[in-house]
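Data block below; observations after.
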2 protein chains.
Amino acid sequence: MNKNHAVTAQDVATKAGVSRAAVSRTFTNNGSVAKETREKILKAAQELGYQVNFLAQGLNRKRSQLIGVVVARLSDPFRSRLLEGLLSEIQNKGYQALVTEIGNPKDLEETIRRFTQFRVSGVVVTSGQPPTGLVKECVQHNIPVVGINRHMDIKDVDFICSDNQMGATLAAQQLIDSGCHKLAWLNYKESTWSGVSRGEAFRNAIEQKQAEQVLNLIQITALQDGYEGGRSAAKLFCRSDERVEGVFCANAQLACGFLDGMREEGFDAPRDFHLIGFDDTELTAQYSYRLTTIGQDIEETAARALSCLEARGRDATTEPRFEVVPVKLVLRNTSPALFC
Amino acid sequence: MNKNHAVTAQDVATKAGVSRAAVSRTFTNNGSVAKETREKILKAAQELGYQVNFLAQGLNRKRSQLIGVVVARLSDPFRSRLLEGLLSEIQNKGYQALVTEIGNPKDLEETIRRFTQFRVSGVVVTSGQPPTGLVKECVQHNIPVVGINRHMDIKDVDFICSDNQMGATLAAQQLIDSGCHKLAWLNYKESTWSGVSRGEAFRNAIEQKQAEQVLNLIQITALQDGYEGGRSAAKLFCRSDERVEGVFCANAQLACGFLDGMREEGFDAPRDFHLIGFDDTELTAQYSYRLTTIGQDIEETAARALSCLEARGRDATTEPRFEVVPVKLVLRNTSPALFC
DNA sequence: TTGAAAGCGCTACCAG
DNA sequence: CTGGTAGCGCTTTCAA
């Protein structure tokens, strides 16, 4: 077999009877190598089982083919779907994902620091509010940063975001067309930027429609996030005297919880009210929920994120982008299609 | 501010008036450094914002503080929970996770190769059957490998596995104690080792009980995996003449799907039959399912996986471990607690 | 097109 | 305890 020691470019060079510079060139498609030489090298490498040492390569280039990904609460199906999409895109582009989960936003600092220590080629933030200072550090280190479904006022950071405006408008349209007049917006008390932004867009959409007919919009606030938050919100809501005909939720987990909470209280959709959630996940499609949702285009989002990273990697002074990815209305049982 | 160039150990050394060897020592807690010197260095480092370059460090040590994690189908809540647990453990122990998702088992080869190129400190395989040859390659490179919820006959690889035997026995016990005589085992046609193993254990448990009373066990085979697999299996099953009182499923997704499929056909648990699934996830706890499940101890599993990696990292010739993690029965609505 | 050589930033050994 | 030094394996000018 092979010697116990890992096989290096020098080994290949020796075996092929060339310099190790030539080996490097063939493997990085960088300099020019005579076709014949190249083949000799490839053959030798093959036989020896040579593989580039990424650590050494990165050290030299001052840049690894690693991409840092910041995630949180993977138990939320949407978040894990997003991670899945990112992983797939990252791998397709020939990078490797360095994934860090942050429990509380404070961890983000240490995380990003770690990323820089690995000289990552880019950082994707899908959770937490990147502390401005830290991101600046990345920018200083010349590491591109892209945020997904969030926004901050930081120079030189790109953002990819689902079209909350469009989503809210589609939802409002659907609810109103279904004949709902008493509408509600359900969101978590300490919602992220995404949630807030969806709420504002929904309110705006409703206000526009108010020119044509009388509409009523209330706000339901969940004290927790996720499924349980939605569920308790529903129970609390039922105990109030308010009634509502159409509900739009900041995310799918909240929506599923709300639906279940209402069911526990004896109400159901679409019989007693209509319900639309943001984030189309496997869960929302399941028979017991069949939630009408706003579907985000995860593949597109991931693709654009990577493309931002690469663009800014090439030229750090690119004009910061804020890209909006179209969403679509996925009609299911909780607010069914209209047959007019 | 700082010079544009990243600050190196040499910069710190110069500023502190020591050699860069001393800097290295303080930051790796390796050699011995006078307390005073150490403080000088730390201070200088602080002021300069020095951070170890992990690429250089890894290159030297021939080992990075990276741990490779192989995952698949993160859309399955159990899998994403497991990843979450692993990430948390990996980070707590001071490593960073290099996560790769593999679509089909063929990708595993390239993946593991990439891992070795980064000189990872270990590899956790949560999906796919690691091709023996590849794992051997890791072992040759002296990279510890641990598999979770799977098993192969490879020398020098450790395995951590939920106690399928115990889970199946608990499930059998519960169903029988609830008065079920006609039992069924539901699994995906091309199930992984875990599923198969759970099925065998269930069969055994039933057979043991048969000494005491007349029991009947049939097998329901899902043609797809996951929720949809369970759902179609239920529909198919209902169309047959078979009837069943207690069903045990290889995993939670299958179980949820089966339940929904049965509901679509007008049956429900626990009214018409009892149902127990493997994998306790957030989904199974939700009101619309409230599935009785066998709960795996993910934190414990992750902790043991890491501990195996570290043990084998220290001494590659450790006796291969096959560790079994206890599970527990989580009683919910689909097979409620007995009050005897 | 090719090879020699100068590092990338850090660790670890060895002598002092 | 400390500093000098020899690499780790690769990339990338620079001449030839």
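Since this is a predicted model, take the numbers as computed values, not measurements. Just so we're on the same page: letters track the sequence lines, and every chain starts at 1.
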### Query
What string of B, S and - do you get for nucleotides 8-16 of chain D, 5' to 3', if B is base contact, S is sugar-phosphate-only contact and - is no contact with any protein heavy atom under 4.0 Å?
BBBBBB---
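Side-chain atoms of B/Gln65 and B/Ser121 form no donor-acceptor pair, as typed in the model, at a separation below 3.5 Å. Side-chain contact, A/Gln57 with B/Gln117: no donor N or O sits under 3.5 Å from an acceptor N or O. A donor-acceptor pair shorter than 3.5 Å cannot be found between the side chains of A/Ser88 and A/Glu84. With no hydrogens or angles considered, a side-chain donor-acceptor pair links B/Asn29 and B/Arg38 at under 3.5 Å. For the residue pair A/Asn149/A/Gln296, the side-chain donor-acceptor check at 3.5 Å is satisfied.
Residues that satisfy the ring pair (Phe, Tyr, Trp, His ring centres under 6.0 Å) test with B/Tyr95, not counting sequence neighbours, are absent from this structure. Considering only residues two or more places apart in sequence or on other chains, B/Phe115 meets the ring pair (Phe, Tyr, Trp, His ring centres under 6.0 Å) condition with none of them.
Axis angle between the ends of the helix from C/dT1-D/dA16 to C/dG16-D/dC1, five pairs each and rounded to 10 degrees, works out to 30°.
Ring geometry, A/Trp193 versus A/His151: the interplanar angle falls from 30° to 60°, so the pair is classed tilted.
Using a cut-off of 4.0 Å between Lys/Arg side-chain N and Asp/Glu carboxylate O, B/Lys40 and B/Glu36 are scored as not salt-bridged. Salt bridge present: A/Asp225 and A/Arg73 bring a charged side-chain N and a carboxylate O closer than 4.0 Å.
If you run salt bridge (Lys or Arg N to Asp or Glu O under 4.0 Å) between B/Asp158 and each of B/Arg321, B/Arg304, B/Arg312, only B/Arg312 comes through.
The backbone N or O of B/Gly85 sits nowhere less than 3.5 Å from a side-chain atom of B/Glu299 that would complete a donor-acceptor pair.
Of the residues in residues 31-43 of chain A, those with a non-hydrogen atom less than 4.0 angstrom from any atom of DNA chain C are A/Ser32, A/Val33, A/Ala34, A/Thr37.
Think of the region where chain B sits on DNA chain C: with heavy atoms and a 4.0 Å cut, that region ends 5' and 3' at C/dG9 to C/dC13.
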